[in-house]
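Written out below as structure tokens is the structure these notes cover.
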Amino acid sequence: MTMSIGNVSAAGAASSSASTTTNARCMELERQYSATNYGPLPAVLSRGEGVWVWDVEGNKYLDMLAGYSALSFGHGHPKMMEAMFEQAKKLCVVSRAFYSDQLAPFAKELSEFCGMEMMLPMNTGAEAVESAIKTARKWAYTRKNVPHDKAEIIVCEGNFHGRTTTIVGFSSVAQYRDLFGPATPGFVTIPFGDPDALEKAITPNTAAFLFEPIQGEGGINIPEDGFLKRVREICTKNNVLMIADEVQTGMGRTGTVFACDHENVKPDMYIMGKTLGGGVYPVSAIVSSRDILSVFQPGDHGSTFGGNPLAAAVGRAAMKLLIDEDLCAKSVEMGEYFRDRIRGLNSPKIKGVRGRGMLTGIEVHKEAGTGHEFVEALLAEGILCKETVEQVVRVTPPLVITKEELDWAIERFAKVFA
Ligand SMILES: *Cc1c(COP(=O)(O)O)cnc(C)c1O
């Protein structure tokens with residue numbers, strides 16, 4: 001077998017190495033023993049440092065997927081490592097049966113960081129979205145007198161909010177949704193970026209509008225300017241909660257702390273995850289007002305690991321790092337530089353380049369190939385990224401990437417798009 005991985009052939013590397021750990025062997029074992037709910041690209045990573053990762057055979061790659069935006073600080077950032085190991089030595093998990101000296105400051109700092117009053121900690125993005133849904137429903141029944149089991153939540157076509165049963169039930173991607181039913185009722189879908197459709201969809205039973213300010217997995221879809229402001233007005237006027245899923249767009253990814261900041265709009269609730277875990281640990285949360293989050297009574301909701309001291313210490317370090325290293329400004333500067341240079345390639349294969357901050361989508365012409373084919377070609381050049389929808393190559397490097405590192409990447413993009 002001569003499979004080309006990164007810059008070398010796996011078969012060649014395997015025969016010249018005494019090690020039994022080869023790319024091919026790991027891929028074979030993973031496929032055999034781990035459910036194939038993913039179809040990974042053929043890079044078997046074993047080490048990461050900053051924006052770089054290495055596979056088991058020593059090939060080096062530039063990580064321009066960055067864990068679907070979970071690795072905004074790159075791999076193994078020293079500040080994250082320090083915070084995590086210091087806390088790990090003291091106390092990792094207590095469960096919420098007790099208080100902890102880390103959740104207290106994390107809750108305060110995260111609430112203030114968001115300009116909000118209160119938070120509810122979880123682990124993954126999907127769990128935070130589930131928490132937001134539960135909050136909105138109980139809020140509707142207890143504050144808005146919506147009849148029991150009648151609460152409606154409005155969502156957008158092309159949404160991505162995670163993979164739990166309730167969430168995939170309102171996905172517009174057939175593969176995510178079909179065969180996992182019956183779908184949880186109570187969700188109404190409208191086109192993305194259409195405030196008039198939102199206004200029309202609202203009924204007396206509407207609890208919330210749940211949306212991504214920029215759709216990430218849906219293809220890096222940026223709504224027209226003014227969309228967020230209109231949403232804010234409509235939600236306020238109709239007493240509907242405006243819930244921004246900023247799991248991917250939050251914490252500097254789009255050049256501001258939150259993507260909602262582009263229009264100076266404050267939702268009623270932020271959903272956070274990915275970067276909040278600093279690239280080292282799953283940390284998520286919903287952050288909102290005291291009025292809204294006080295719908296919860298002890299016993300209403302929970303998570304064994306949510307808000308554990310290790311997660312809290314990691315979350316605190318992540319917020320601090322974002323501010324201390326001025327990563328929002330870097331996100332704007334490097335993101336615009338990257339898009340300008342890619343547009344400047346004038347490649348006939350590229351249909352369009354869009355993005356904000358360090359969230360970029362390169363849409364390729366159908367005749368030139370699929371997004372996946374370009375992603376494979378980039379992998380062969382030592383660049384890791386991933387398509388979103390069929391024709392879009394998503395590029396979301398760590399926010400700490402330097403201009404030199406981007407230039408290294410751009411040379412390779414130029415080759416692939418030539
Ligand atoms: C990734 C993502 C999620 C789900 O997060 P998980 O940690 O994978 O559960 C939810 N919403 C958005 C917008 C995301 O990008």
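Atoms within a ligand are numbered from 1 in the order they appear, just like the ligands themselves. In what follows, every heavy atom counts, from backbone to side chain, and hydrogens, waters and symmetry copies are set aside. Being a predicted model, the structure only gives us computed values, none of them experimental.
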Worked verdict on Thr388 versus Arg394 for side chain to side chain donor-acceptor pair (under 3.5 Å): CA-CA 6 Å; Thr388 59; Arg394 160 234 326 259; 5.5 Å; no
Atoms in ligand 1 flagged as close to Phe160, the criterion being non-hydrogen separation under 4.0 Å: 1 (C), 2 (C), 3 (C), 11 (N), 12 (C), 13 (C), 14 (C)
Residue part near ligand 1, for Tyr68, under 4.0 Å between non-hydrogen atoms: neither
Heteroatom proximity flag, Asp245 to ligand 1, N/O under 3.5 Å: yes
Ligand 1 N/O within reach of Gln248 N/O, cut-off under 3.5 Å: yes
Polar atom proximity, Gly125 to ligand 1 (N or O, under 3.5 Å): yes
No-hydrogen, no-angle side-chain donor-acceptor test under 3.5 Å, Asp55 and Ser46: no
Region of His161 that comes within reach of ligand 1 [heavy atoms, distance under 4.0 Å]: backbone
Identified side-chain contact (heavy atoms from CB on, under 4.5 Å) counterpart of Arg354 within the set Leu359, Val392, Ile362: Val392
Derivation of the ring pair (Phe, Tyr, Trp, His ring centres under 6.0 Å) call for Phe417 and Phe374: CA-CA 8 Å; Phe417 287 104; Phe374 280 95; 4.9 Å; yes
Atoms in ligand 1 flagged as close to Thr124, the criterion being non-hydrogen separation under 4.0 Å: 7 (O), 9 (O)
Heavy-atom nearest neighbour in the protein, as seen from atom 4 (C) of ligand 1, with distance rounded to 0.1 Å: Ala126 N, 3.7 Å
Minimal non-hydrogen separation, Val364 against Gly371, with atom names: CG2-N, 4.0 Å
Working for side chain to side chain donor-acceptor pair (under 3.5 Å), residues Lys351 and His365: CA-CA 5 Å; Lys351 190 172 172 193; His365 283 293; 5.7 Å; no
Atom 8 (O) of ligand 1 protein-contacted (non-hydrogen atom, under 4.0 angstrom): no
Ligand 1-proximal atoms of Lys274, by part, heavy-atom distance under 4.0 Å: side chain
Glu86 with Lys89: basic N within carboxylate O range, under 4.0 Å: yes
